[in-house]
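Bear in mind that the values here come from a model prediction, so they are computed numbers and not experimental data.
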Amino acid sequence: MLDWPLLTLTIFLPTFGAFFIFFIRNENPEIVTRNARYVAMWVSGFTFVLSLLLLRDFDFAAAGDFQFVNRFAFSSNSFFSYYVGVDGISLAFILLSTFLTPLCILSSKHAIKKNVKEFMIAFLLLETFMIGTFSSLNLVIFYIFFEAVLIPMFLIIGIWGGERRVYAAFKFFLYTLLGSVLMLIAIMVIHHKTGTSNIPELMFQNLLDPTTQKWLWVAFFASFAVKVPMWPVHTWLPDAHVEAPTAGSVILAGVLLKMGGYGFLRLSLPILPDASVYFAPFMFVLSVLAIIVTSLIAFAQKDMKKLIAYSSVAHMGFVTLGLFALNLQGIQGAIMVMISHGLVSAALFLCVGVVYDRLHTREIARYGGLVKKMPVYATVFMFFIFASVGLPGTSGFVGEFLSLVGVFQANKIIAAFATLGVILGAVYSLWLYREVVFGVIINKDLEIMKDLTLREKLVFIPLIVMTLFFGIYPKPLLQLVEEPSAKIVAIYTLPDTLSENLVRPSTINIDEKNNQEHGGH
Amino acid sequence: MSPLHYSLIVFLPLIGSLIVGVFFNKITNKGAQLITSSCVCLAALLAIIGFVNVALHDNALSVFVLDWITSGELNAPWKLRFDTLSIVMLCVVTIVSSMVHIYSIGYMHHDPSIPRFMAYLSLFTFFMNMLVTSDNLIQLFFGWEGVGLASYLLIGFWNEKKSANKASIKAFVVNRVGDFGFALGIMAVYVIFKSVNFNTIFANAALHSQTELSLLGYQVHGLTLACILLFIGAMGKSAQLGLHTWLPDAMEGPTPVSALIHAATMVTAGVFMLVRLSPLFEFAPSALAIVTIVGACTAFFAATVGMTQFDIKRVIAYSTCSQLGYMFFAIGVSAYTAAMFHLVTHAFFKALLFLCAGSVIHGVDGEQDMRNMGGLYKLMPYTYAFMWIGSLALAGIPLFAGYYSKDMILEAAWASHGFGAHFAYFMGIAAALMTAFYSWRLLFMTFHGTPRMPKKVLSHVHESPSVMLFPLFILAIGALFSGALGYELFVGHGRVDFWQAAIFVLPAHDSVEHAHHVPLWVKKLPLVVAVFGIGLAYLAYMKRKNLPEKITQACPRLYQFFFNKWYFDELYDTVFVKPTKKAGLWFWQKIDVGVIDRFGPNGIAAAAQRISRYTSSLQTGYIYHYAFAMVFGVVVLMTVYLFGIKGL
């Protein structure tokens, strides 16, 4: 078993499943649908098991090093090679992806009725691309996976979405495209200047001069900021969420948004340290704006999904804030927020999906008094509302608090403004809950609403368990990411050695002049 | 007692709550009541045994449970701390809670969701226990937010009522405003000490008494900043002036909840926190001065409002707010032990008052307006007697509990040399006068005079069942004797042995010691004004019943100002609530849709469309148009090639 390329298997098992579904043929479309569902279910479940094997065999003592490395060079040129491996951070995100995918597939039973086969193919391909993104160690392969995610997601919104799905899909595409072009250029520049495009060779080396770093940083920023999404490039998210089917929203909020944060963590911070320090204040301001402004906007929403989408932007503000605090608490907190938000926002979108499946509307005003008819649902929904608010004892608190502790050490005023978001978060979340669940039933069609089915409970239980687990005992996760985070922090704790003392092999001549001009950084 | 027994004090209520919560639809009402009540009663029993062990025999201990948040130097485990301070709190919490559990069996017997109610009550008790036994600031915050959650759930227990839902959200959000300060305070403490564990920060408090933090380019005294931020948290939870607006509204919850959470325990969490952090506050005199002023103002403010309210529960709620003010200015003058003493006695007599009010409300069919009561003393003799005991204790009449604790606070305030201490003394005296007045106003309006309720209600008025009277009896014992019994231990000569290391006071700040040597008039004045207040109430509500009306007509502005609670709600609505809503809409419509989308994706899409329309309109289909374009192109190219080549 150990000799197997376990990581590669995990990445491509869903693709294999997608192929298999592609060849399902039958006269009776119902049988095709059913088989497609079952295959997707089994494949994603087995992928989760494989990722658990990764966790089992993972060497925690060396969590900062890349493990399960698989490498395959297509040519002698080092620009493009298949090169994957995981450290603690990657593994955390891979587990999040493989954990959420089966739940999405399970939850889509009623929501997706047409073209089920194609939906499942898209979803499984999406899973491959997500895992691939989180395990790529070569910039080009990273780029390919990172951008490929766009395609199935574009289709999921554009085909199985709501009324304005085409508008939403194109908006989503347009935003992301701009960033991706710039990122590709940045990757080529990096390869040109350093002679390598392998991430482990680039990390912690500070190979590039500060000016180039800044340009490259901006190019990466254009791509990652859209994905996070940061204010003001966030407007695609509410539309995408509103139009996407529930499973699409879940995976979008749960995993896809994390790819931006992961990008900052994997590329910007370790490869471009000078620029990261330079742009940290800029990131702080944008993050705080995101937290406060989108929280305010969330309060003005009439559509449940839009409200949760805006709250996602606010939560992601804590991520970018924590990352650029550039200390251990900040980075660990940011990762914790991402994982926690992956569980909690996924669950919240599922909660919306539950009532949407029954009443086919997401308008907040149409609901009210659900607690009478759906007590179990009301309890589950409340649990996740409070997890989203960041109540201690849930995973949300650990992340938010750590990242705020990190930011407080970097800048107290920024931390104070970000903490304001904690108040605003309570306002809109509790307001949403009150409007939907409490009160008396005014709309007659709510009278016949049924409480959670067994299948729905099966979807929610793992999410509740994990949210509580990470809230009460986050140690395993914090340990998993501690060493890789500490490695990143280490390059920022020796500021004098950053721009001055390191020799840059390929760029030394060009940049001497620039160095003198920007010597201060 | 083994560490396991101590842990059981904390976790038994959780166990009860979980059992009932998980099996809520399989369990009978009786079963739910039995499980939760017996768990909490057992916890109370263990707490009393623990009190003897820890406080009287000096066996403080802490129990490690589990690792929690570890990140670099930040290390906050789940750990339970049992010293005198926490065991005193545990006793108060579990005893009052078990009484409220039993009382609820009678009070809620009509309610359709009894299991849910009992589970919430027990859950609250668990969080409160976690709060008082926490060993580090983050765990304290866990309990802090947990009781906030329980409070939210219980205020909004009748979730069909719009007002109840509003009040529950208001309570949570206003508390969050306080938590904003609390969270930042924890971070400041961490930055100063590189730790959040009590043992470490207390041991190093003196060492860091001069540490400075930079803030906006200024150097500020680190501990002062941290303590002020933490105090903001305490203000939220303990409803101090400015962040008090949620407490009166919280009366929307069932009355047992008001007694447990909004009188005896949760609202005193802020007091507890400051007492717990006495080693930090002792080195932050400016923060103490702020605590003194805010506490004194709250004591005065709430009493003025309490005199004018007609809702029986709201009167007691403002009274609670006012009494919390006393505790805070006691802390401000470093009389931590006196604050704790008043916290304990207050828990008994205020819970008693609330439960009596509940008994009245239960008896008169849910009516809460005192204008529609009156003449109940014959119909509800026991409740009437208990109400007297509670009121006597609250007003500070000798032999009753409040006499010992409140007078101690006032004497300490006079004896202290801290900033604002004498101001606090006089505000406290004024509040004491008003306290006596509104307490007897409540008694007279409710129990005396002619009955003012409709005949139908009057015919149903009944004394409460014994399951409700028994808890009143127990609490009345506390209201009678806790002051006299506790005096020596809490604030008398035995206090140093009793509190051990749990409370720290700098020798120069020891106002409790000085309080024993104040002039006689300082000691007697509170009693004089209390008796005067009772007399005044007797005059206004028994003898000359048109007097209140005359007074309100004589100074209508002042009366309206008090009656409308100094217009805090209106102020906040205009300054915070409405602008926030508007800002949300504005940012959405004007910035997100109006600017970002318009010039961003939609703009680009529109521009692309326009350009393609222009280019497509070039394709006219006429052959001579194309021919012309071709010839023109050739001419341009030739010209460039022949003449402009150098320039290119």
Side-chain angles (χ1 to χ4, degrees), chain A residues 170-171 174-175 232-236 238 293-301 310 327-329 332-333 369 371-372 375 386 389 391-393 397-398 401-402 404-405 408-409 412-413 415-416 419-420 422-428 430-431 434 437-440 472-475 478-479 482 486, chain B residues 21 24-25 66-74 78 138-139 141-146 148-149 152-153 156 159-160 162 165-166 168-169 172-173 176-177 179-180 183-184 186-188 190-191 213-216 580-581 583-589 591-593 595-597 600-602 604-605:
Chain A
F170 273 99
K171 201 170 177 182
L174 213 61
Y175 260 114
V233 288
H234 65 285
T235 62
W236 63 270
V293 171
T294 50
S295 297
L296 289 173
I297 295 176
F299 191 51
Q301 299 307 311
Y310 273 112
N327 51 40
L328 190 63
Q329 284 88 23
Q332 278 191 301
V371 66
K372 283 273 162 302
F386 275 100
V389 167
L391 200 78
F397 170 73
V398 180
F401 189 78
L402 276 179
L404 283 173
V405 170
F408 191 87
Q409 294 169 63
K412 294 178 191 67
I413 298 300
T419 313
L420 276 181
V422 174
I423 305 173
L424 296 170
V427 175
Y428 63 73
L430 296 183
W431 176 79
R434 180 186 81 192
V437 176
F438 286 155
V440 283
I472 294 168
Y473 193 61
K475 202 180 173 187
L478 288 173
Q479 257 180 353
E482 180 164 356
Chain B
F24 76 101
N25 49 10
L66 195 70
D67 271 318
W68 189 22
I69 300 176
T70 348
S71 173
E73 287 170 296
L74 181 69
W78 295 106
I138 304 183
Q139 191 183 331
F141 194 67
F142 167 81
W144 193 266
E145 292 281 280
L149 166 72
Y152 164 86
L153 292 171
N159 53 38
E160 286 173 12
K162 200 161 186 194
N165 291 330
K166 270 196 173 156
S168 65
I169 291 185
F172 197 85
V173 170
R176 275 262 153 157
V177 176
D179 295 346
F180 163 79
L184 288 172
I186 297 175
M187 294 171 212
Y190 173 71
V191 169
L213 295 176
S214 63
L215 186 74
L216 285 171
T580 308
K581 282 185 186 172
L585 210 60
W586 187 82
F587 274 117
W588 180 32
Q589 294 295 351
I591 303 290
D592 267 28
V593 179
V595 177
I596 299 174
D597 274 358
N602 295 1
I604 292 170

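- Heavy-atom pairs under 4.5 Å with chain B were tallied for Leu478(A), Leu424(A), Val440(A), Val422(A); the largest tally goes to Val422(A).
- Only the side chain of Leu174(A) has a heavy atom closer than 4.5 Å to any heavy atom of chain B.
- When each of Val398(A), Asn327(A), Thr294(A) is scored by its heavy-atom pairs under 4.5 Å with chain B, the top score falls to Val398(A).
- Of the possible polar contacts, none joining the Gln409(A) side chain to the Val191(B) backbone as a donor-acceptor pair under 3.5 Å is found.
- Between Leu66(B) atom CG and Lys475(A) atom NZ the span is 8.5 Å, to the nearest 0.5 Å.
- Aromatic ring centres of Phe386(A) and Phe172(B) lie closer together than 6.0 Å.
- Contact of the Leu420(A) side chain with the Phe180(B) side chain is registered, since non-hydrogen atoms from C-beta on lie closer than 4.5 Å.
- Residue contact with chain B, scored on non-hydrogen atoms closer than 4.5 Å, involves the side chain of Gln332(A) exclusively.
- In this structure the side chain of Val427(A) never reaches within 4.5 angstrom of the side chain of Ile169(B), judged on heavy atoms.
- Here the straight-line distance linking atom CZ of Phe408(A) with atom CG of Leu213(B) works out to 6.5 Å at 0.5 Å rounding.
- Between Asn159(B) and Lys372(A) the shortest side-chain heavy-atom distance falls below 4.5 Å.
- Taking 4.5 Å as the limit, every side-chain heavy atom of Met187(B) sits out of range of all side-chain heavy atoms of Lys412(A).
- Looking at heavy atoms from C-beta onward, Ile472(A) lies in side-chain contact with Trp78(B) at the 4.5 angstrom threshold.
- Under the 4.5 Å side-chain criterion, counting only non-hydrogen atoms from C-beta, Glu145(B) is not in contact with Phe397(A).
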